[in-house]
Amino acid sequence: MHIGIVGAGFVGVCTALQLSLRGHRVEVFERRGGIATESSFAGAGVLCPTALPSLAQHPHWRRRSPWNAQARRQARARRQADWLARQQVLARLFELGEHWLEQLEAEHRLECEQTRGWLVLRPDERSLRQSDADAAHLTSLGLPHQILGPDELASAEPALASAPPAAGGLWLPQIRVVNTRQLAQQLRLLAQQTGTRFHLNTEVEDIDPRHPTQLSHGGPGAGPRQETRFDAVVLCTGTASIPWLRAQGLRLPLQAAPGCSLTAPLHLPEAMPDPAPRGAITDAQTGLTLSRMGERVRITDPWADLSPNGRPAIQTQRRMYATLERWFPEAGHGNPAQAWQGTRAKLPDDAPVLGPSPWPGLWLNLGHGDQGSALAGGCAQLLANALEGRPALEGQDLLGCTRW
């Protein structure tokens with residue numbers, strides 16, 4: 001088949017590679033000048049397939065949730081009978097995707113900044129009580145974890161500061177922490193080697209629902225346009241999909257969730273213990289995550305509002321550096337940081353939309369939220385199977401767009 005993919009984030013690149021490896025003719029259209037330049041650019045890189053109950057709400061929602069429509073919608077979605085079944089499907093997708101990516105990394109000797117281990121740190125006794133709900137959720141999905149007491153935290157993160165002491169933490173030792181943009185670049189090269197064409201700096205006009213597999217595309221502005229007809233088109237455009245889907249009457253409750261990160265070189269003195277995190281640490285009180293990226297540390301705030309100057313606001317940066325200083329005071333003194341901010345498409349039930357759209361030939365692979373990096377490989381496989389008419393994964397229908 002001749003398949004067009006709109007969007008070259010990590011999800012779009014994985015989808016293109018999966019289809020290309022199966023012998024399909026694939027073309028990818030990306031409005032930016034590079035791949036993985038938006039929500040995939042500088043996230044925390046924690047490859048966990050599910051949102052932990054204690055981390056999935058904005059810290060401010062805990063104080064004003066009765067007046068927050070998004071919080072109420074999320075709470076209703078989590079009370080639905082099929083919510084856990086949907087999360088179990090995501091856990092199976094995660095296993096499929098991890099197996100596929102690890103095979104590719106071994107076979108093609110792919111190298112990117114990555115480590116293993118995610119610690120959800122509980123600064124006080126109140127937040128420590130939330131570990132039980134998180135642990136029960138992880139148990140229901142079969143994801144290995146441990147609840148650590150304050151004296152056990154150093155076994156997971158030796159450089160973690162002990163003053164002021166933390167009350168404990170939730171430790172997920174098998175979760176990978178990956179520089180997904182680096183990995184996306186290497187997967188793109190593999191896709192090109194198997195015949196995929198990437199059209200960068202190329203905008204796709206609004207898709208005509210009467211002819212959804214015919215794309216009109218060209219460079220930015222009002223220059224000449226080309227039209228290409230495909231056998232199928234896959235939307236992997238995240239938040240960019242929201243206005244078009246709404247205009248066509250598909251009322252998916254997609255939200256453009258803002259966030260930002262700072263990535264700074266580490267201060268690594270010779271012949272001294274490493275002063276930085278080995279994997280990823282999330283402060284459950286603030287929601288901020290510190291991720292190890294080779295010889296750098298990335299501080300991610302998944303809730304910060306976007307700043308008009310394209311960089312995290314000064315008060316946001318201060319909060320991010322304060323979190324690093326609290327838990328790893330020797331890690332990053334005065335090092336200049338690469339700043340990023342952007343949005344990711346999220347749905348209230350913590351799961352993506354994956355499968356056919358209401359328009360024949362147009363397929364959807366979007367709305368992954370914070371789990372996009374963890375689910376990209378598995379979603380690519382399920383979508384390729386569906387396009388080829390292969391049997392569906394049990395429960396796959398729970399991810400369809402008709403659930404809303």
Side-chain angles (χ1 to χ4, degrees), residues 9-14 17-18 34-37 39-50 52 90-91 93-121 143-145 155-160 170-191 259 261-266 268 274-282 288-300 302 324 327-328 331-332 337-338 340 344 368 370-381:
F10 192 63
V11 170
V13 171
C14 285
L17 178 57
Q18 179 68 221
I35 67 163
T37 59
S39 59
S40 303
F41 185 78
V46 177
L47 302 194
C48 183
T50 188
L52 297 183
L90 298 186
L93 276 180
F94 170 66
E95 292 177 2
L96 287 172
E98 279 288 88
H99 180 67
W100 177 60
L101 289 173
E102 288 173 355
Q103 278 187 322
L104 289 174
E105 290 171 14
E107 182 180 348
H108 298 280
R109 298 182 180 180
L110 305 182
E111 294 184 1
C112 65
E113 295 169 339
Q114 64 174 295
T115 183
R116 199 174 287 271
W118 180 30
L119 177 63
V120 180
L121 201 59
L143 296 175
H145 62 279
S155 64
E157 285 289 352
L160 190 67
L170 181 67
W171 172 235
L172 291 83
Q174 298 303 314
I175 294 298
R176 285 204 297 164
V177 183
V178 177
N179 186 327
T180 50
R181 186 163 192 263
Q182 277 188 357
L183 183 55
Q185 297 283 3
Q186 296 182 57
L187 296 180
R188 173 206 178 177
L189 293 176
L190 287 182
S261 68
L262 297 172
T263 307
L266 287 167
L268 299 173
D274 192 321
R278 293 197 304 193
I281 292 182
T282 298
L288 272 65
T289 296
L290 310 174
S291 305
R292 183 63 175 260
M293 297 286 167
E295 295 188 353
R296 302 177 298 162
V297 62
R298 176 168 295 162
I299 316 166
T300 308
L324 178 63
W327 299 117
F328 297 94
Q338 175 195 59
W340 170 85
R344 60 224 186 268
H368 302 77
D370 297 320
Q371 284 69 54
S373 299
L375 299 175
C379 286
Q381 292 182 67

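In this text the structure is predicted, and so the values were computed from the model without any measurement.
Not a single donor-acceptor pair under 3.5 Å links the side chain of Gln114 to the backbone N or O of Arg176. Put simply, the side chain of Thr115 never gets that close to the backbone of Val177: no donor and acceptor are under 3.5 Å apart. Panel note: side chain Ser261, backbone Arg298; no donor-acceptor pair is recorded below 3.5 Å. A side-chain donor-acceptor contact under 3.5 Å links Glu157 to the backbone of Arg278. Under the 3.5 Å distance criterion, the side-chain polar atoms of Arg344 are matched with a main-chain donor or acceptor of Pro302.
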Query raised in the report: Checking side-chain contact (heavy atoms from CB on, under 4.5 Å) for the pair Leu90/Thr50: CA distance, chi angles, key distance, verdict?
Result: CA-CA 7 Å; Leu90 298 186; Thr50 188; over 6 Å; no

**Report entry** Criterion side-chain contact (heavy atoms from CB on, under 4.5 Å) on Val297 and Phe328, from CA distance to verdict
**Finding:** CA-CA 10 Å; Val297 62; Phe328 297 94; over 6 Å; no

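Counting only heavy atoms from C-beta outward, the side chains of Leu101 and Leu110 never approach each other to under 4.5 Å. Counting heavy atoms from C-beta on, the side chains of Trp118 and Leu47 never come closer than 4.5 Å. Using a 4.5 Å heavy-atom threshold, the side chains of Asp370 and Val46 count as separate. Residues Leu183 and Glu105 are in side-chain contact: their nearest non-hydrogen atoms beyond the backbone lie under 4.5 Å apart. Annotation: side chain of Asp274 is in contact with side chain of Arg292 (closest heavy-atom distance under 4.5 Å). Side chains of Leu17 and Trp100 form a contact here, defined as non-hydrogen atoms less than 4.5 Å apart.
Identified under the salt bridge (Lys or Arg N to Asp or Glu O under 4.0 Å) test for residues 177-187, with sequence neighbours left out: none.
Looking at Thr289 and Thr282, their side chains do bring a donor and an acceptor atom within 3.5 Å of each other.
Counting non-hydrogen atoms of other residues, nucleotides and ligands closer than 6.0 Å to NE2 of His108 gives a total above 12.
Shortest non-hydrogen contact noted between Leu172 and His145 is CG-CB, 4.3 Å. Taking each heavy atom of Ser291 and Ala280 in turn, the nearest pair found is OG-CB, 4.0 Å.
Between the OG1 atom in Thr180 and the CE atom in Met293 there is a gap of 7.0 Å [rounded to 0.5 Å].
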